[in-house]
Amino acid sequence: MKRFLRGCTILWVVFRYGLDGLVLDSFQKPGLRWLSRMLSFGRKLDAPRGQRLREALEQLGPIFVKFGQVLSTRRDLLPPDIADELALLQDRVPPFDPNVAIATIERAFRKPVDTVFTSFERVPVASASIAQVHFATLIDRDGVQREVAVKVLRPGMLPVIEKDLSLMRMMAGWVESLSADGKRLKPREVVAEFDNYLHDELDLVREAANAAQLRRNMQGLDLVLIPEIFWDFCHPEVMVMQRMKGVPISQVDRLRDAGVDIPKLARDGVTIFFTQVFRDGFFHADMHPGNIQVSLEPETFGRYISLDFGIVGTLTEVDKEYLAQNFVAFFRRDYKRVAELHIESGWVPPETRANDLESAIRAVCEPYFDRPLKEISLGMVLMRLFQTSRRFHVEIQPQLVLLQKTLLNIEGLGRQLDPELDLWSTAKPFLEKWMLEQMGPQRLWRDMRAEAPHYAKLLPELPRLLHDFLRRRPSEEHTALRELVETQKRTNRLLQLICSVGLGFVLGLLAMQVLVRIRLF
């Protein structure tokens, strides 16, 4: 019943904001355009279409807002007016009452807000679909006054998300049972992955842990700044972190006027992404422009500033190695190796012919090489690859959905910063170096160093263990042999007994038959 009511609510919002007409008007057929005009009769739809779409997504809740945030980075796929409006979803979602935020903080720390912070700005500086941020100052454990950002969870998020996820699970079940591609697409597993990520976002302590992990991973790279977390002031509903001062990355003209090297900034973004994915297997998976800034401070000039760590992606060593080999093969245009990797991984049926898959992948990817980012669309490449995967029954991997989403965000950022960026040539040297580290002598030395504590503990015991083994081995073999012989003897006696009983039974039956015949005659 709840799913039905939520579905009705979604349809009502779509009708109220005229989104049905927005979809129908995009088709060229006169009949659909006529249907759109008929449906809009009697409705007041004076607001621009982009504004109506943004307001509808805001009213539908956090899941739809996040969908709009992803779309906002793809200006190559959307009209400019819609892309500009959806960009407002990145950091301008309507805030909730500051008094509610203060009540949440006081409930979390069981103290008045003026006791927790030396100053607290009641007007939020940013508001998103899950939480909003206030600036404040506090005294840390060393007695130093620090400028901080206080992130407070929106009230009542869990019931709204549960309703939408329940509806998505039901629709995923329909897709899986009614569509021929349903099982291959694994919609239930994809929704389950999405479920995990959204519930993780509702726990700000988990987000703080994600930020701390990314901060440690990125310390030696000197390309990105991650805020410090104040653990004494963290709670599932409240997170306090270092205040970061930067310019939103979407303000390219302002950055250029300040002297930032924009092409280098675009290349650094690609390096950061591939480092997090392939070196660490732990990456920021919500990299829309609202979460990315650029520092103009003299000591950190031109570095990225990452914010909002509610959604992070993780990859296993097997996933990293498989993806890296695929990327390297793509960059080398070794499509045969790409096809072989798909077959070896089990992503396609084992009876698939490698030559046919190689030819199909070449037809998709070859036209896009040696072109700047402004002349290609990774979204179109992925769409054509999806069509190819459907033909060859490639199974969708739910654990890679976040990676694909983040890759689209990275392309959107790169397109805004430097349309001349060659994504392939920028990423290829990094991946080749990473592959050399994974398979060369450096990997061997790293593994040996990691196992050294275990070997150091085992080495002193090795002579004694070897001596005991050599000394006890003959007796143990004799004991085991004797037990085996005894067991075999018992088995033989049991078999003899069974055979004797069976033979006696048969002889008894024959004797009875003979006696009966003698008496009859």
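Treat the numbers as computed from the prediction; the structure is a model and nothing was measured.
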**Prompt:** Within the side chain of Arg122, is there an N or O that forms a donor-acceptor pair under 3.5 Å with the backbone of Ile102?
**Reply:** no

**Asked** Shortest non-hydrogen contact from Val100 to Pro155?
**Response** CG1-CG, 3.7 Å

**Atom of Ser127, atom of Pro95 and distance for their closest heavy-atom approach** = OG-CA, 3.3 Å

**Donor + acceptor pair across side chains of Arg216, Gln213 (<3.5 Å)** = yes

**Prompt:** Could you walk me through whether Ile292 and Ser306 pass the side chain to side chain contact (heavy atoms under 4.5 Å, CB included) check?
**Reply:** CA-CA 5 Å; Ile292 306 295; Ser306 288; 4.1 Å; yes

**Asked** Is the backbone N or O of Phe309 less than 3.5 Å from a side-chain atom of Glu207, with the two atoms forming a donor-acceptor pair by type?
**Response** yes

**Item:** Check: Val113 main-chain N/O paired with Glu106 side-chain donor or acceptor under 3.5 Å
**Value:** yes

**Message:** To the nearest 0.5 Å, what is the distance between CZ on Phe274 and CG on Asp280?
**Reply:** 14.0 Å

**Complete:** All heavy atoms of Gly246 vs all of Ile305, minimum pair found to be CA-CD1, 3.9 Å

**Prompt:** Does Thr137 offer a backbone N or O that forms a donor-acceptor pair with the side chain of Thr118 under 3.5 Å?
**Reply:** yes

**Message:** Run Thr104 and His235 through side chain to side chain contact (heavy atoms under 4.5 Å, CB included) and show every step you take.
**Reply:** CA-CA 10 Å; Thr104 301; His235 181 273; over 6 Å; no

**Asked** Is Asp140 reaching over with its side chain to a backbone N or O of Asp142, donor-acceptor style, under 3.5 angstrom?
**Response** yes

**Prompt:** CZ/Phe283 to CG/Leu214 distance, rounded to the nearest 0.5 angstrom?
**Reply:** 10.5 Å

**Full working for side chain to side chain contact (heavy atoms under 4.5 Å, CB included) between Phe278 and Leu315** = CA-CA 8 Å; Phe278 293 109; Leu315 296 174; 5.7 Å; no

**Nearest atoms (heavy-atom pairs only) where Ser295 meets Thr300** = OG-OG1, 2.6 Å

**Message:** What I'd like to find out is whether the side chain of Leu225 reaches to under 4.5 Å of the side chain of Gln293, using heavy atoms alone.
**Reply:** no

**Asked** Okay, side chain of Arg215, backbone of Ile226: is any donor-acceptor separation there less than 3.5 Å?
**Response** yes

**Request:** Could you pull out the closest heavy-atom pair between Ala258 and Phe301, with the gap in Å?
**Result:** O-CZ, 3.4 Å

**Item:** Side chain Gln276, main chain His284, donor-acceptor under 3.5 Å
**Value:** yes

**Asked** Atom CZ in Arg243, atom NE2 in His134: separation rounded to 0.5 Å?
**Response** 13.5 Å

**Message:** For a quick test of reading the model, state the closest non-hydrogen atom pair linking Val252 to Leu417 and the distance between them.
**Reply:** CG2-CD2, 4.1 Å

**Asked** Roughly how far apart are Arg256 CZ and Leu265 CG, rounded to 0.5 Å?
**Response** 10.5 Å

**Request:** Sort out for me which residue in Asp308, Leu307, Ile130 forms a side-chain contact (heavy atoms from CB on, under 4.5 Å) with Lys151.
**Result:** Asp308

**Asked** Side-chain contact, heavy-atom cut-off 4.5 Å: Tyr304 with Ile249?
**Response** yes

**Request:** Report yes or no: does Asp268 contribute a side-chain atom to a donor-acceptor pair with the main-chain N or O of Leu223 at less than 3.5 Å?
**Result:** no

**Message:** Would you compute the distance between atom CH2 of Trp231 and atom CE of Met241 and round it to the nearest 0.5 angstrom?
**Reply:** 12.0 Å

**side chain to side chain contact (heavy atoms under 4.5 Å, CB included) evaluation trace for Leu296 with Leu255** = CA-CA 8 Å; Leu296 298 183; Leu255 293 173; 4.3 Å; yes

**Salt-bridge present (Asp257, Arg254; N to O < 4.0 Å)** = no

**Message:** Can you tell me how far apart OG1 (Thr115) and CG (Leu138) are? Round to the nearest 0.5 Å.
**Reply:** 13.0 Å

**Prompt:** Taking 4.0 angstrom as the limit, do Arg52 and Glu55 come out as a salt bridge?
**Reply:** no

**Request:** For Gln132 and Phe96, indicate whether the former's side chain and the latter's backbone hold a donor-acceptor pair under 3.5 Å.
**Result:** yes

